[in-house]
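Counting starts at 1 for both ligands and their atoms, following the listed order.
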Amino acid sequence: MGTALIYDEEMTKYKLLWVDPACKIEVPERLTVSHEALVQSGLADRCISVPVRKATDSDILRVHSEEYLEGVKKTPYMTLEDLKEFTLQYGDVYFHQNIYHCAELAAGAALQLVDSVMTGQVRNGMALVRPPGHHSMRSAANGFCVFNNVAIAAQYAKQQYGVKRVLIVDWDVHHGQGVQYCFEDDPSVLYFSWHRYEHQNFWPKLRDSDFDSVGKEKGAGFNINVPWNKTKMQNSDYLSVFCHLLLPVAYEFCPDLVLVCAGFDSAIGDPEGEMCATPDIFAHLTHLLMNLAGGKVCAVLEGGYNLTSLAQSVCQTVQTLLGDPAPRPANLQGPCRSALESLHCARSTHRQYWPCLKHAADLPTSDISTKRFKLAEEKEDSDKEIVWPEPDKRFAPAVRAAVVLPDGVACPDGCHPFTLSEDLDPLIVNKLKEKFLKGADDRETLSTLSRLIALVDQMEKNEVCSGLALVPAITMATMCVIQHAASAPKNRVLVVCVGDWNVPKFTEDGKTLVMQFSNKVSEERASRYYIPLHLKKGFRDVSGFMQAVTGLLLPLGYQYDPSLVVLVRMSDSGLCDSVWQQLTGLLQGLAQGHTLVLMQDNEKDCVGPTGSSLLGDPAPSLGPLLAPLSEDVESVEKLRDKLKAEWKLLQNTAQDTGKDAGDCS
Ligand code: Q6P
Ligand code: ZN
């Protein structure tokens, strides 16, 4: 199951023919540099190249009016003067004799992508298109957009394939008002958009772009806007919104298909967005969506006007769709105050529609900057050239998932049985004997522990990506792995323990962070680096567990930025496969995918599903989630509250930060 890449040079063959400062950034090179970067990096070769097609009239009429389509159809025959005049009826857009042809191909490319994914020819994919689509409305071109490619694709998926729920994630820095208007009253399409807003002073300057536009009638709650009221938003700001708003709602919604309005003007260096998130953040945003909808993710290019930033961001997105591990996320110091205000407002506004947000704080009152007045212009050196380092080359280790299994347990397809190529250092062997075997001459255990140590070493050298071991004595194996992994100077280990185990005290030097989920743990023993979460119903409350994963574990994990994740599954954890696979899948966004899963040897049935997750297969959907148990939500919230001062990515309200904290400009 591969990744589709859809591109056709034809879509570079139109351009602005007159002087218009608003439109001069939308150039054919946007497409050529993006495609060229994919070719140069070898990514294009790894994708399945799918041809574009022309969207038919009836495809376009799924979203647009006949009058509008008829109007656009005349543009190929217009003189320059006619084109200028035709353009004048719309905002921030230009026409060209070849743009109708390109717009048919752009919409058609999105449809080809949906076809490829829905028929199972590929798992996911990206379409590089021009003109973009998300601003275009039923009867109007707008913001460089002619036909609404993604909206047409969503309607097509519903009508052609009977898809029941579509999630549209619009990470472009502009508000895709065209998509919002198209699905406003439609509860089968959940539209999420963050966008530069500046209290309605940023284009397209619509009241409808604010957080309180939630959709209409039956569609109320299915439109989620996160307006940025300041520029210079960073990786932390984007990730916070994913962890505390988009992901919980997306899991509750349970889409059958995810469409991404993949605009990259939200990345650093972009003249329109003026944001500061780095291109590698798109690896994480993409990764975090890839376990929804059984992995059916279709990204369609929208904006992106800094050619360097654009090309880098496109590569990060496609490489992640291909399944390569995401890079270690950089500079996650926590969201800025203004981002928290936006997040807070969006969460409170939506809590009446989404049980996963039931506990969100009340709308902030008075003293914060969400009030609708024009901020004093903060003049600054905006013409200073913005520079950022080129993202590191990412590569997938030759071995994706190595397994250490007892005799008689079959190695899952695609996994790699891990054997020792050479004898282990006798010094280490002696230490193992002394420390863990207490002098007993247990060859079986010694061999397992030796292999685990060697496996950790190979993961550290990036020769192996992830690992899975079924062990007789899980607590001993866990201690052994952690002590070994944390001994190297720059290593940090995130231990995620699912189930009942009296976790021994580790050092509190920050080399290990332990988060434990169980219905038995007591919070009394909590310390700075040991975080127990008591779930009343154990893991039978799937919603409560996912709440803890998205709102607590992921932000903690991202901020801690481990070099290795050790995921420990105690026996009788009671966790069902699909939830376990979601957990395993999501955690692989950390530590460059270096996840080592340890399971008690009576959990044989779980080897297959775990192996598949480690190989990058998407987790099965959980089904639409019900409201989490209030007791579990309370535990999660209590813990979040306690930890949020130290772990700033846990913050999700405007009150969570002091007056002087994290101002972004
Ligand atoms: C922005 C128009 C230009 C002002 C120039 C899918 C992509 C987009 C379009 C933005 C149009 N204002 N200083 O459309 O959202 O990036
Ligand atoms: Zn944009």
Side-chain angles (χ1 to χ4, degrees), residues 11 14-16 18-31 34 63-64 87-88 90-95 99 102-103 105-107 109-110 126-137 140-154 168-182 191-198 200-206 208-209 225-228 231 233 238 259-275 277 282 285 298-307 309-310 313-314 317 382-383:
M11 288 180 283
Y14 76 91
K15 61 175 191 198
L16 177 62
W18 50 85
V19 178
D20 180 352
C23 291
K24 68 169 197 286
I25 56 177
E26 205 293 296
V27 295
E29 289 74 22
R30 297 180 51 243
L31 227 49
S34 301
V63 163
H64 298 281
T87 293
L88 276 180
Y90 308 116
D92 293 75
V93 65
Y94 62 88
F95 279 83
I99 202 171
C102 294
L105 296 180
M126 171 142 205
L128 295 179
V129 304
R130 269 179 88 237
H134 70 157
H135 297 304
S136 128
M137 290 161 277
N142 184 257
F144 314 149
C145 303
V146 176
F147 299 137
N148 202 316
N149 309 319
V150 168
I152 293 168
I168 300 178
V169 177
D170 188 338
W171 68 45
D172 186 281
V173 85
H174 299 93
H175 182 219
Q177 84 279 33
V179 184
Q180 171 171 313
Y181 295 150
C182 185
Y191 176 64
F192 168 91
S193 173
W194 61 38
H195 36 268
R196 181 170 171 187
Y197 189 59
E198 295 176 289
Q200 214 183 315
N201 286 300
F202 188 72
W203 190 90
K205 305 192 178 187
L206 302 172
D208 297 339
S209 306
N225 286 333
V226 179
W228 301 125
T231 57
M233 293 300 166
Y238 289 6
L259 302 178
V260 183
C261 287
F264 298 101
D265 41 15
S266 44
I268 190 161
D270 192 277
E272 272 291 303
E274 297 182 47
M275 298 300 173
F282 295 103
L285 304 185
C298 299
V300 181
L301 183 68
E302 297 282 358
Y305 307 99
N306 176 310
L307 298 182
S309 176
L310 169 64
S313 302
V314 166
T317 304
S382 56
D383 35 37

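Taking each of His135, Lys24, Arg196, Arg30 in turn, the one with a heavy atom nearest to atom 15 (O) of ligand 1 proves to be His135. Here the shortest heavy-atom distance to atom 3 (C) of ligand 1, taken over Pro21, Pro204, Ala22, belongs to Ala22.
Between the Zn ion (ligand 2) and the N, O or S atoms of His174, the shortest distance is to ND1.
His175 has its side chain out of reach of Tyr197: every pair of non-hydrogen atoms, C-beta onward, lies at least 4.5 Å apart. In this structure the side chain of Leu301 reaches within 4.5 angstrom of the side chain of Arg30, judged on heavy atoms. Cys23 places none of its side-chain heavy atoms less than 4.5 Å from the side chain of Val93. Within the 4.5 Å cutoff, no side-chain heavy atoms of Met233 are placed close to those of Trp194. In this structure, the side chains of Pro204 and Gln177 come closer than 4.5 Å at one or more pairs of heavy atoms.
Every atom of ligand 1 with a heavy atom of Phe144 under 4.0 Å away is listed here by number and element: 9 (C), 10 (C), 11 (C). Atoms of ligand 1 found under 4.0 Å from any heavy atom of Tyr305 (numbered from 1 in listed order, with element): 7 (C), 8 (C), 9 (C), 10 (C), 16 (O). Interface of Gly143 with ligand 1, defined as ligand atoms under 4.0 Å from a residue heavy atom, comprises 9 (C), 11 (C), 14 (O). The ligand atoms of ligand 1 that sit less than 4.0 angstrom from a heavy atom of Glu302 are 6 (C).
Counting only heavy atoms of the protein, atom 4 (C) of ligand 1 lies nearest to Glu272 OE2, 3.3 Å. The single protein non-hydrogen atom nearest to atom 12 (N) of ligand 1 is Asp92 OD2, 3.1 Å, given as residue, atom name and distance.
Using a distance-only test at 3.5 Å, with no hydrogens or angles considered, a donor-acceptor pair links the side chain of Arg196 to the main chain of Glu272. Between the Asn148 side chain and the Ser136 main chain, a donor and an acceptor come within less than 3.5 Å of each other. A distance-only check finds no donor-acceptor pair linking the side chain of Thr87 to the backbone of Tyr94 [under 3.5 Å].
When heavy-atom distances to ligand 1 are checked against a 4.0 Å cut-off, Glu26 has no atom that comes that close, whether in backbone or side chain. With a 4.0 Å heavy-atom cut-off, ligand 1 is reached by the side chain of Cys145 but not by its N, CA, C or O.
Taking 2.8 Å as the criterion, Asp172 counts as a coordinating residue of the Zn ion (ligand 2), since one of its N, O or S atoms falls below it. At least one N/O/S atom of Asp265, whether from backbone or side chain, sits less than 2.8 Å from the Zn ion (ligand 2).
A salt bridge links Arg130 with Glu26: the closest approach of a Lys/Arg side-chain nitrogen to an acidic carboxylate oxygen falls below 4.0 angstrom.
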